Amino acid sequence: MIIATWNVNSIRARAQRVMAWLQLRRPDVLCMQEIKIEEVEFPSLELKALGYDVMVEGQRTYNGVAIASRLPMREVRRGLGDGEADAQARLLWVSVEGVRIASVYAPNGQTVGSDKWRYKLRWLERLRRHLEQTGDPQQPLALCGDWNVAPEARDVHDPVRWEKAVLFHPDARAALARVCAWGLRDAYRLHHEEAGRYTWWDYRQLAFPKNLGLRIDHILVTAPLASRCQAVEIDREARKGKQPSDHAPVVATFEP
DNA sequence: ATGGTTGCTTAGCAA
């Protein structure tokens, strides 16, 4: 089974690119983030024509996640479900062939010390609780998405500078590590040790051609799925050309 | 040094 994740930065702006990419790569499952659209507006029929069903946890203007799959999706769950008032669409679960799969869009946090920053740290703590209460680290499970956190210095082009910012701040890294401590491995690091492999590059100042990026999009898997993981790749090609998303897809291949 | 780019929505915010 091939599972991919991609922050598309608006499905309205990116529909043609996403569909061309699905036809090219043919993943079984694609988790999308920042679709920035409500469910009724999502181009579900167009993806259906390519052989993909779509589940959508949508929101107007901001956030929003979705999952497209060529295989049947079951057990659809939306949000953290912890009873806290939360208007932000950031989490969607499905089950595909016995694997629980989530599309995750963690809060960015904007600036350290802001209300959005505190929301980011709390949201990751709420996700940890959500996993404790609804998941099992001994079952195959994959959390796929834009975590807005680079885990280590080798995931950041300029770690000294970025340590003061929300994407690589020690508190954000600790919050992500707390999620992983529930029983998750970073699938990319099962297969790659090298520094300088990124999934996001700022649109500004030629960051992509200079490779001034961060690795903030991750596929996190439980042990039973880690043992089935054959390959994980970042598709830099999808970040090239006209009107790209600012993120590249991450693609993981699992044995049946 | 608060720049610069994109998207949504239409001037300002979020990333």
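Within every chain, numbering begins at 1; the chains are lettered A, B, ... in the order of the sequence lines, protein sequences first and strands thereafter. Being a predicted model, the structure only gives us computed values, none of them experimental.
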Tell me whether the rings of [X] and [Y] are parallel (<30°), tilted (30 to 60°) or perpendicular (>60°).
{"X": "A:Y198", "Y": "A:W201", "result": "perpendicular"}
{"X": "A:H169", "Y": "A:W117", "result": "perpendicular"}
{"X": "A:H247", "Y": "A:W200", "result": "tilted"}

Looking only at side-chain atoms of [X], point me to the closest of [options].
{"X": "A:R204", "options": "B:dA14, B:dC8, B:dT5", "answer": "B:dT5"}
{"X": "A:Q110", "options": "B:dG4, B:dA15, B:dT6", "answer": "B:dA15"}
{"X": "A:N63", "options": "B:dT9, B:dA15, B:dG7", "answer": "B:dA15"}
{"X": "A:K116", "options": "B:dG7, B:dA14, B:dG4", "answer": "B:dA14"}
{"X": "A:Y203", "options": "B:dC8, B:dT5, B:dA15", "answer": "B:dT5"}
{"X": "A:Y62", "options": "B:dG4, B:dC13, B:dC8", "answer": "B:dC13"}

Please report the distance separating the [atom1] of [N] from the corresponding atom of [M], rounded so that it comes out in whole Å.
{"N": "B:dT2", "M": "B:dA15", "atom1": "C1'", "result": "16 Å"}
{"N": "B:dA14", "M": "B:dG4", "atom1": "C1'", "result": "15 Å"}
{"N": "B:dT10", "M": "B:dT5", "atom1": "P", "result": "24 Å"}
{"N": "B:dA1", "M": "B:dG7", "atom1": "P", "result": "31 Å"}
{"N": "B:dT9", "M": "B:dG3", "atom1": "C1'", "result": "24 Å"}

(request) Kindly say if A:T61 contacts the phosphate of B:dT9, meaning a side-chain N or O under 4.0 Å from OP1 or OP2. (result) yes
(message) Please tell me if A:R60 has a side-chain N or O lying less than 4.0 Å from either OP1 or OP2 of B:dT9.
(response) yes
(message) Please compare A:D246 and A:N9 by the position of their nearest nucleotide in DNA chain B and report the one closer to 5'.
(response)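 Of the two residues, A:N9 wins.
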(message) Between A:G109 and A:R12, which residue's closest nucleotide on DNA chain B lies nearer the 5′ terminus?
(response) A:R12
(message) When you compare the side chains of A:Q139 and A:T222, does any donor N or O come within less than 3.5 Å of an acceptor on the partner?
(response)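 Side chains of A:Q139 and A:T222: no pair found under 3.5 Å.
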(request) Measure across A:A15 and A:P43 and return the closest heavy-atom pair with its distance rounded to 0.1 Å. (result) CB-CG, 4.4 Å
(request) Report which part of the nucleic acid A:Y105 touches: base, sugar-phosphate, or nothing (heavy-atom distance under 4.0 Å, all strands). (result) sugar-phosphate
